[in-house]
Amino acid sequence: MLRRKVSFITSKPPLITITTTIRQKSSGGKRPKKKIYHRVPELDRVMELRKKPTTILELKTLIQSQPKSNPLFLRDLEKNVGFVRKWDFMALIEKHPTIFRVTGSPPFVHFTDKAHRVAQQEARARDFMEPLLVNNLRKMLMLCVDNRIPLETVEFVGPEMGLPWDFKGCLIDKYPQFFSVRAFNGRDFLYLEDWDSTLAVTAREARLAQEGIVVNMKPNMDKKKFERWQKLEFPSPYLNARRFDTADPKTRKRALGVIHELLSLTMERRMTSAQLDAFHAECFLPSQLLLCLIKHHGIFYLTNKGVRSTVFLKDGYVGSNLIDKCPLLQFNDKFVALCGRGNVDLSDIKSSLQAVV
């Protein structure tokens, strides 16, 4: 019987201890083998650094989603975000008068003039994002064994990819040459309508090409460089998994390539473990996905910081900084940067907030 136990140490030392116990019926079992999983404090810190920006951007979206004739009244915050989080948002409004103002009776929250001007730039950022999102959706479907995925899975990972909330209408329906939605086994699936071999290039291959290392190596290439390249090489994740035998070591290498590519398709090169596991059936991911990620900690980093466990792509970061930022992330940074101290008196906001309480 094979029994594996994974325990995370969340104390101050930057280590996660993983204990693996293998029991054999004949021998009565062996001693547990302890493996040390090194924490990456810089990536743990990302989760902490993203808390405030995420809440600010969530409130921005709430304000923008209200019809002009019906602004976001403070009394309705609880209805939108729940009783507990309502207080977080009210504290946020009070703390950042350079972004949010509270006026009116009953009081409602809206943008300052400067924040309103910056918020209008989001539409331009999303226009720049559209070709990237279309290609990323196509690549995601190309990673799936049958070039289809449940629509609910796309909705589940949509925020990480940068998809708009109405992506079905503004992207899927807009590009019928690439996508279609059809029912399969009682569920709506997103289907790929056109396979494009020019998109079957991994993020890793694209990066190596930019650095001057090509995939088709020349005979006169330096021997050491060639050996290093061989060690890096994985079967293309865009090859259909059915071409590989489950016992073939290349099957695992391909699965690692698929996980790497899925994370590369996100804006911040990370997903929650639940989001990644949602691709399990369609992408033939390893049955013990968590242990697979831990074993290959040189490529991936699993953190238990935050509300949910999150999987990072290590080569997407330098320290706590994301290497490449898409247009939408650049806009988000610009909006959140408005948090700087302003000249607005907090007294008006405080009185309005107290009136709601």
Side-chain angles (χ1 to χ4, degrees), residues 40 42-43 46-47 50 128-145 147 149 153-154 156-163 167 171 178 190 192 195-211 213-215 229 232-241 252-280 282-286 289 292-293 296-303 309-330 332:
V40 182
E42 294 84 0
L43 293 181
V46 171
M47 303 305 296
R50 294 305 301 166
F128 280 121
M129 284 289 291
E130 184 169 308
L132 175 65
L133 292 177
V134 171
N135 281 345
N136 283 354
L137 270 177
R138 295 171 71 189
K139 287 167 74 75
M140 183 183 72
L141 289 166
M142 289 168 64
L143 291 168
C144 299
V145 176
N147 303 143
I149 195 167
T153 300
V154 184
F156 188 34
V157 301
E160 274 58 49
M161 295 182 68
L163 296 177
F167 73 91
L171 285 181
F178 299 141
L190 179 64
L192 180 69
W195 175 280
D196 187 348
S197 59
T198 63
L199 293 177
V201 178
T202 66
R204 178 176 156 275
E205 288 172 330
R207 187 182 71 251
L208 290 173
Q210 289 178 347
E211 295 171 356
I213 303 176
V214 295
V215 176
W229 172 254
L232 287 171
E233 190 170 8
F234 285 84
S236 173
Y238 293 98
L239 294 174
N240 195 298
R252 175 176 290 183
K253 280 193 172 184
R254 179 201 166 273
L256 293 176
V258 170
I259 297 171
H260 188 288
E261 196 69 358
L262 286 172
L263 293 172
S264 296
L265 297 178
T266 64
M267 292 194 298
E268 297 188 55
R269 310 298 186 263
R270 60 186 173 98
M271 284 187 193
T272 66
S273 55
Q275 287 172 324
L276 192 57
D277 193 56
F279 292 91
H280 193 279
E282 279 68 35
C283 294
F284 282 23
L285 297 185
L289 182 59
C292 177
L293 294 169
H296 296 280
H297 56 84
I299 306 172
F300 313 109
Y301 180 63
L302 183 67
T303 179
S309 64
T310 301
V311 183
F312 281 86
L313 191 58
K314 278 189 168 182
D315 62 20
Y317 286 79
V318 173
S320 299
N321 299 314
L322 185 66
I323 296 174
D324 295 317
K325 291 192 176 183
C326 64
L328 186 56
L329 285 183
Q330 292 175 18
N332 289 345

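Model, not experiment: these values are computed from the prediction.
Counting only distance, with no hydrogens or angles, the side chain of S320 and the backbone of E42 share a donor-acceptor pair below 3.5 Å. For Q330 (side chain) and K325 (main-chain N/O), a donor-acceptor pair under 3.5 Å exists by modelled atom type. Proximity of a side-chain donor or acceptor of N240 to a complementary backbone N or O of V145 within less than 3.5 Å is detected. Formation of a donor-acceptor pair under 3.5 Å by the S264 side chain with backbone atoms of H260 is found in this model. In terms of modelled atom types and a separation under 3.5 Å, the side chain of K139 and the main chain of E261 share no donor-acceptor contact. Of the possible donor and acceptor atoms, one in the side chain of E205 sits under 3.5 Å from a partner among the backbone N and O of T202. A donor-acceptor pair is defined here as one N or O able to donate and one able to accept, closer than 3.5 Å; such a pair exists between the side chain of H280 and the backbone of P286.
Every residue meeting the side chain to side chain contact (heavy atoms under 4.5 Å, CB included) condition with S236, not counting sequence neighbours, appears here in chain and number order: Y238, L239. When the ring pair (Phe, Tyr, Trp, His ring centres under 6.0 Å) test is applied to F284, no partner is found at least two apart in sequence or on another chain.
Note on R269 versus D315: no salt bridge recorded, every NZ/NE/NH1/NH2 to OD/OE distance being 4.0 Å or above. With respect to E160 and R270, no salt bridge is recorded, no charged nitrogen being found less than 4.0 Å from a carboxylate O.
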### Task
Determine, stepwise, if the pair M271 / T310 fulfils side-chain contact (heavy atoms from CB on, under 4.5 Å).
CA-CA 6 Å; M271 284 187 193; T310 301; over 6 Å; no
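Atom CG of L171 sits about 10.0 Å away from atom CE of M129, to the nearest 0.5 Å. Taking OG1 of T153 as the reference point, atom CG of L190 lies at 10.0 Å (rounded to 0.5 Å). Taking CG of L143 as the start and CG of L199 as the end, the distance is 10.5 Å to the nearest 0.5 Å. Here L132 contributes atom CG and M161 contributes atom CE; the two are 8.5 Å apart, rounded to the nearest 0.5 Å. Rounding to the nearest 0.5 Å places CZ of F300 at 5.0 Å from CD1 of I259.
With contacts defined as side-chain heavy-atom distances shorter than 4.5 Å, the pair F279/L285 qualifies.
Between Y301 and F312, the two ring planes are tilted [angle within 30° to 60°].
S309 and S273 are linked by a side-chain donor-acceptor pair at a separation below 3.5 angstrom, with hydrogens and angles left out of the test.
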